[in-house]
Structure formats: C-alpha cells, structure tokens
Amino acid sequence: MDFFGMMNVSASGLTAQRTRMETIASNLANAQTTRTPEGGPYKRRDVVFSTVDPAIKPFGNELEAAMKGVRVSEVIEDSKTEFQLRYQPGHPDADKDGYVKYPNVEPMVEMVNLVSATRSYEANLSVIEATKSLMLGTLEI
Amino acid sequence: MGFFNVIDNAVGPLAASLGQKVQRHAAIAANIANVDTPGYKAVDVTFAEELQNAGIQMARTDRGHLTAGGFRPGSSTKVMKLNGVPRRDGNDVNIEHEMVKMAENQIEYRFLTNMLKRRFDKYREAITGRAA
C-alpha cells in the first residue's frame, strides 16, 4: 500500500485547478487589452482537463487502471464568443466607424469560474488532509 | 496453535480491512481530483463478500461451541462505476457524496487503527505482565 500514490493524484488535481485559476487571472488582467502580438484584441483562454495515469501505482490490482489523476491537456483560445464593440472614435485601435474591439472577456463569467476552481482546489486539499490523517493514524498503532 | 498464529488471527483481519479502506480512499481521491474533467466517470471499489478461512480453527470442547475462527475479509478488489447522474459534460462525480464517503471512510479507518492498537496493547500486557 502506498499513500504517496494517492497524494500524487490529489496533487495533480491541485495543479490542474491552479492552472485554471492562472488562466482566469490572465483573462481578467487582459479584459481591456486591445493589442496582442498575434494582432487584434486579447482572446479569453480556457483550460481543457483530461485524465492521466498516476506516476506511482500503489495497488497491484484492478484499482490501478481505474485510478486516474488529472492534467491540463490544452489551453484553448475562445474564438466563438464575440468581441465587445465600444464606440471610442479617439482610440488609436478604432475602426473607420469609430468602434474599438475589446476582448471577449466577461468578468462575471470569469468570477464564477474562479469560485468553481477555488472550491475544487479546496476539495483536493481536504483529500490530502484526510490522507495525511490516515497515514498518521497508521503510525499510532 | 503457535503464538504468532494467535497474533495473526487477531490482527490479520483488521489489517486486511485497513487495506480495503486505503483502496476506497484512493478511489475517492481520484474522483475528487477529476471533479472537473469532462467525461470522467466516478469509480468506487467493492470487495469480495465472502470471508476467507485462514485455516485456523478454534478449539471445541463442547458440541454447542461455534467453529468460528481465522476468518478474514476476501482480498480481491472489484472496481465499479458509480453511475451517477452525468452533467452536460458527461462527468458524473457527485462532490458532496464523495466528501461524505471520505469522512465515513476516515472514521472507519480510525476505528480499525484504534482496534489494532488495543489488540497490540493486550499482547504487550500479556508478555510483560504489566498493565499497559
């Protein structure tokens, strides 16, 4: 039996959720960015999670194949959501009609996403706490 | 019946169930880690229901005595899908359910480690002749 394999699975959850939070932070920070190296306004980014086999395989049985960690397999750019248009004729990035394209970042959406990521992060933390308490319990026998 | 057989008989079943609790915890940990993974299906473990006789019998001095002794939980692990209600992304992890299962499992684990500790204390008492 190996407790550290389990800890690794929870740690993969922490990493994935933290990456998600970083993406959200980047979206919020660039909510008003109208210029990017690729040209055009900033596009909001999103993470894609997928399962991954844990590095350490603690059990020599069926559970091994079923026990999956999680990782961020992709960071995608959201090009489906429309850019926000604002009428600012004086802005250097305004088009001929005076409209400036602002990023497709919706602060409300990002905040909801952030709360969800935080909660999932906390859930993984409590699993790690629980694993630790099991380990320590074993030492007390 | 040797001394170590006696000890194994007393602590073996407890140790075996302890192993099961660890595996259950692992399954819960994986479910919680994948709470936001599209298409992930929650898993749980079950263990063979039948008890395995370790081949040790209690002495019978009367026909009315039971023949129990040396039983321990089966060691084969079965992984099953929980088949909860999937969300729109195909993930069917119920986070509340998982947290409750984890708490439950933790208490059961504590119970087993306490039982084990008490058993060992008893043996120490018997060996040294002093109350633990």
Side-chain angles (χ1 to χ4, degrees), chain A residues 1-17 20 47-54 56-73 113 116-117 119-141, chain B residues 11 14-16 18-47 75-82 89 91 93 95-96 98-99 101-121:
Chain A
M1 289 311 157
D2 190 340
F3 281 102
F4 297 107
M6 275 183 271
M7 294 271 238
N8 269 342
V9 168
S10 299
S12 75
L14 288 182
T15 314
Q17 298 296 346
R20 186 171 161 208
V47 291
V48 180
F49 287 172
S50 64
T51 54
V52 62
D53 285 323
I56 303 175
K57 306 210 159 194
F59 310 105
N61 58 31
E62 230 183 283
L63 183 57
E64 205 138 279
M67 215 178 110
K68 303 275 189 206
V70 62
R71 73 189 172 102
V72 173
S73 56
N113 232 331
S116 161
R119 293 289 167 266
S120 302
Y121 191 91
E122 280 166 5
N124 278 300
L125 268 188
S126 18
V127 176
I128 291 181
E129 275 303 319
T131 312
K132 262 165 61 186
S133 105
L134 294 194
M135 285 165 94
L136 294 174
T138 321
L139 290 179
E140 280 166 19
I141 292 172
Chain B
V11 302
L14 288 176
L18 213 51
Q20 296 184 345
K21 303 291 170 220
V22 173
Q23 295 189 31
R24 185 123 200 265
H25 185 72
I28 298 168
N31 290 344
I32 294 180
N34 283 294
V35 70
D36 293 319
T37 311
Y40 178 83
K41 300 286 178 232
V43 293
D44 202 351
V45 286
T46 50
F47 303 97
S75 57
S76 63
T77 309
K78 283 264 164 293
V79 175
M80 56 165 192
K81 300 266 183 234
L82 276 177
D89 64 355
N91 184 310
V93 176
I95 185 77
E96 293 85 5
E98 296 299 325
M99 296 308 272
K101 265 183 2 195
M102 188 176 73
E104 228 174 69
N105 200 47
Q106 233 178 320
I107 291 167
E108 286 165 8
Y109 191 92
R110 269 283 141 131
F111 168 76
L112 287 169
T113 51
N114 274 340
M115 287 288 284
L116 271 169
K117 186 177 175 336
R118 280 171 204 199
R119 296 264 160 106
F120 281 120
D121 284 348

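Just so it is clear: chains get the letters A, B, ... in the order the sequence lines come, proteins before strands, and each one is counted from 1.
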Quiz prompt | Contact class of B/Ile28 relative to chain A, heavy atoms under 4.5 angstrom | solution = neither
Exercise. Compare every heavy atom of B/Ala29 with every heavy atom of A/Val127, then report the nearest pair and how far apart it is.
Key: CG1-CB, 3.6 Å
Practice problem: Output the distance between atom CG (B/Asp121) and atom CD1 (A/Ile141), rounded to the nearest 0.5 Å. | Solution: 11.0 Å
Quiz item: Can you list the steps and then say if B/Val22 with A/Met6 is a side chain to side chain contact (heavy atoms under 4.5 Å, CB included)?
Solution: CA-CA 9 Å; B/Val22 173; A/Met6 275 183 271; 3.5 Å; yes
Quiz prompt | Inter-residue atom distance A/Leu136.CG - B/Arg110.CZ, 0.5 Å rounding | solution = 7.5 Å
Quiz item: Tell me, side chain or backbone of B/Leu18 under 4.5 Å from chain A's heavy atoms, or both, or neither?
Solution: side chain
Quiz item: Does any non-hydrogen side-chain atom of A/Thr138 lie less than 4.5 Å from one of B/Tyr109?
Solution: yes
Quiz item: For the residue pair B/Thr37 and A/Thr51, what are the closest heavy atoms and their distance?
Solution: CG2-N, 3.8 Å
Quiz item: Who wins among B/Ala33, B/Pro38, B/Ala27 for the most heavy-atom pairs under 4.5 Å with chain A?
Solution: B/Ala33
Quiz item: Does the side chain of A/Lys68 reach to within under 4.5 Å of the side chain of B/Val43, using non-hydrogen atoms?
Solution: no
Exercise. Check B/Ile32 against A/Ala123 and note the closest heavy-atom contact, atom names and distance.
Key: CG2-CB, 3.7 Å
Quiz prompt | Contact class of A/Arg20 relative to chain B, heavy atoms under 4.5 angstrom | solution = side chain
Exercise. Verify side chain to side chain contact (heavy atoms under 4.5 Å, CB included) between B/His25 and A/Thr131, making sure each step is shown before the conclusion.
Key: CA-CA 8 Å; B/His25 185 72; A/Thr131 312; 2.8 Å; yes
Quiz item: Looking only at heavy atoms, what is the nearest atom pair of A/Ala130 and B/Met102, with distance?
Solution: CB-SD, 3.9 Å
Exercise. Taking B/Asp36 for its side chain and A/Ser120 for its backbone only, find out whether a donor-acceptor pair lies under 3.5 Å.
Key: no
Practice problem: Just give me the residue among A/Ser126, A/Ser12, A/Ser116 that pairs up with chain B most often, heavy atom to heavy atom, under 4.5 Å. | Solution: A/Ser126
